[in-house]
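Computation of the quantities below employed the complete heavy-atom set of this structure, encompassing side-chain atoms and omitting hydrogens, waters and symmetry-equivalent molecules. In listed order, ligands and their atoms are each counted from 1.
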Amino acid sequence: MATEQRPEPFVLRWGIVGTGLIASWFVGDLVRYPNGEKSEDNIKHVIQAVASCSSIEKAESFAQKHLAGSGIDPQLYDSYDKLYADPNVDIVYIATPHTLHNQNALDSIKAGKHVLCEKPMAVNAKQAQKMVVAARERGVFLMEAVWTRFFPLVKEFQKLIHVDKAIGTPKRAVFDFGLDMPIDKAPAGSRLRDVRLGAGSLLDIGIYPITWAALALHQHPSRTEHGADEEQPVVTSSLTLNGGADEISTVVLNYPKGQAQAICSSTYLYQSAAEFGRVEGTEGSIHVSGLAASKPGSLILKRKGEKEIFKDFEFEGFGFFYEADAVARDIRVGRKENETMPLAETLRVLTLIDRVRQQNGLIYPQDDE
Ligand SMILES: NC(=O)C1=CN([C@@H]2O[C@H](COP(=O)(O)OP(=O)(O)OC[C@H]3O[C@@H](n4cnc5c(N)ncnc54)[C@H](OP(=O)(O)O)[C@@H]3O)[C@@H](O)[C@H]2O)C=CC1
Ligand SMILES: O=C1OC[C@@H](O)[C@H](O)[C@H]1O
């Protein structure tokens with residue numbers, strides 16, 4: 001009797017730049033299923049290298065804490081440049097504060113590496129545009145790591161709205177991301193407080209409600225097949241600044257073509273309710289709950305005159321494997337950008353955020369560069 005052979009997996013070798021909070025969540029998820037158990041597509045992620053710009057000890061301690069026992073033994077570096085030069089690294093995951101993303105990505109691209117860059121891809125659209133041009137010229141993959149877009153719940157959310165038309169025509173979206181971590185309590189020099197590192201709730205967490213508004217009101221799930229509606233909404237906004245960084249943001253988006261509006265808010269002063277957002281349409285509404293707007297866990301579909309439908313999407317881990325698998329699928333076939341998080345969408349959202357910042361005098365030192 002012939003034994004069934006599992007085909008060789010597609011192996012993607014990651015280089016991790018920065019050893020802070022998000023890097024630990026990301027690698028934790030990737031080593032959770034080291035042999036592609038979670039992957040539908042026979043993909044295997046390997047943490048090939050980890051670099052800390054602080055010290056080799058910091059890289060060692062990161063690997064010890066987050067990779068020990070996983071069977072993965074990454075190459076450790078005390079500089080990002082050494083990691084970019086490592087021929088065994090296929091893709092660089094940039095997990096540094098916002099204002100460093102631009103330089104880290106340009107350096108990675110120059111070294112011929114694919115790049116997955118944490119959100120926001122840059123502090124402004126001008127910087128992001130330079131990154132896009134550099135990646136295209138070098139012929140490497142580039143994506144902003146808006147991981148939320150890759151969750152099965154989000155795919156279902158978009159299908160319900162745009163394919164099934166379950167709530168009729170979507171008219172209004174209200175999404176909030178609040179965290180109880182006031183700027184005054186953040187350590188001096190931390191990325192949450194220091195404007196030189198891009199501090200402020202809008203760039204850090206306000207980006208998610210703006211994402212939800214787009215998903216709800218104007219983005220078809222299979223954009224390239226059906227043609228993207230790139231309508232840039234009219235923006236009205238208000239920011240409350242503390243020490244030059246915004247602690248509260250409210251952004252109202254008006255989509256004249258769709259006769260629809262969104263209210264997107266963020267704050268560092270208060271934890272959002274579990275139900276962090278809803279979209280209302282002519283026939284009903286969809287309510288989304290979870291740990292935060294970045295990590296939704298369940299949704300409720302309420303259709304007028306019908307029983308509510310609750311859908312649970314909980315899973316183990318943070319869920320970064322959905323994003324990582326999507327990136328691997330692209331790289332496996334030579335795609336240079338991702339359909340779910342296209343570069344045009346990164347630029348559109350950052351242009352919108354630039355507008356909000358202009359309206360409210362939120363300036364970062366890097367805006368002059
Ligand atoms: N997708 C998501 O859900 C999340 C995304 N993020 C994004 O990830 C990025 C990093 O956030 P987070 O992990 O919370 O940040 P941390 O401050 O925890 O970590 C950032 C790391 O970047 C490196 N770094 C390089 N230069 C500096 C510098 N001048 N100051 C501080 N750190 C520096 C350090 O690593 P080393 O010294 O080892 O080089 C540091 O540990 C942000 O852009 C954020 O928006 C953050 C949290 C969640
Ligand atoms: O999901 C998140 O939660 C915590 C924030 O500081 C982070 O940047 C964001 O992406």
Run the contact test for [X] against ligand 2 with a 4.0 Å cut-off on heavy atoms, strictly below, and give the result.
X    : value
M181 : yes
E118 : no
I22  : no

May I ask you to say whether [X] pairs ionically with [Y], meaning some side-chain N is under 4.0 Å from a carboxylate O?
X    : Y    : answer
E144 : K119 : no
K58  : E60  : no
K110 : D107 : no
D367 : K126 : no

Residue [X] vicinity, atoms of ligand 1 by number, heavy atom under 4.0 Å:
X    : result
L197 : 29 (N), 30 (N)
T19  : 35 (O), 36 (P), 38 (O), 41 (O)
D204 : 45 (O)
G18  : 35 (O), 39 (O)
Y80  : 23 (C), 24 (N), 25 (C), 35 (O), 36 (P), 39 (O)
T96  : 9 (C), 10 (C), 22 (O), 42 (C), 43 (O)
H101 : 43 (O)
L21  : 13 (O), 14 (O), 18 (O)

Is the shortest side-chain heavy-atom distance between L160 and L299 below 4.5 Å?
yes
Going by heavy atoms in the side chains, are S237 and L239 under 4.5 Å from each other?
no
Apply side-chain contact (heavy atoms from CB on, under 4.5 Å) to the pair Y93 and V115, showing each step before the final yes or no.
CA-CA 6 Å; Y93 172 63; V115 173; over 6 Å; no
[atom]: the protein heavy-atom neighbour that sits closest, reported with distance to 0.1 Å:
atom                    : result
atom 45 (O) of ligand 1 : K119 O, 2.7 Å
atom 3 (O) of ligand 2  : F177 CZ, 3.9 Å
atom 12 (P) of ligand 1 : R191 NE, 3.3 Å
atom 6 (O) of ligand 2  : D204 OD2, 2.9 Å
atom 41 (O) of ligand 1 : K58 NZ, 2.9 Å
atom 37 (O) of ligand 1 : S54 OG, 2.4 Å
atom 3 (O) of ligand 1  : W147 NE1, 3.0 Å
atom 1 (O) of ligand 2  : S294 OG, 2.9 Å
atom 21 (C) of ligand 1 : A95 O, 3.6 Å

Can a non-hydrogen atom of [X] be found less than 4.0 Å from any atom of ligand 1?
X    : result
F62  : no
Y208 : yes
S294 : no

Does the pair V333 and F10 meet the rule for a side-chain contact (heavy atoms from CB on, under 4.5 Å), with working shown?
CA-CA 10 Å; V333 298; F10 174 73; over 6 Å; no
Establish whether L100 and I22 are linked, either directly or via other cluster members, by ILVMFWY side-chain heavy-atom contacts under 4.5 Å.
no
Scan D325, I331, V11 and name whichever one has a side-chain contact (heavy atoms from CB on, under 4.5 Å) with I43.
D325
Test side-chain contact (heavy atoms from CB on, under 4.5 Å) on M131 and L142 and set out the steps.
CA-CA 8 Å; M131 295 154 78; L142 173 66; 4.1 Å; yes
Those atoms of ligand 2 less than 4.0 Å from some heavy atom in L179:
4 (C)
What do the steps show when you test S249 against S266 for side-chain hydrogen bond (donor to acceptor under 3.5 Å, both in side chains), and what is the final call?
CA-CA 5 Å; S249 84; S266 66; 2.6 Å; yes
Looking only at non-hydrogen atoms, find the nearest pair between L106 and A134 and report the distance.
CD2-CB, 3.7 Å
Which part of S190 is near ligand 1, with near meaning a heavy atom under 4.0 Å away: side chain, backbone, both or neither?
neither
Test of ring centre spacing under 6.0 Å for F315 and F151:
yes
Ring centroid separation W147 to F26 under 6.0 Å
no
Can you check which of [options] brings a heavy atom nearest to [atom]?
atom                    : options        : value
atom 43 (O) of ligand 1 : E57, H98, E118 : H98
atom 22 (O) of ligand 1 : S52, G20, P97  : P97
atom 27 (C) of ligand 1 : L100, I16, I22 : L100

Is there a nitrogen or oxygen of R191 sitting under 3.5 Å from a nitrogen or oxygen of ligand 2?
yes
Does Y208 reach ligand 2 with a nitrogen or oxygen that is under 3.5 Å from one of the ligand's nitrogen or oxygen atoms?
yes
Separation between CD (E323) and CG (L30), nearest 0.5 Å, reads 9.0 Å
If we set the cut-off at 4.0 Å for heavy atoms, which region of K119 has an atom near ligand 2: side chain, backbone, both, or neither?
side chain
Which word best sums up how the rings of F157 and F175 line up, parallel for under 30°, tilted for 30 to 60°, or perpendicular for over 60°?
perpendicular
State whether a side-chain donor-acceptor pair under 3.5 Å links S265 with D176.
yes
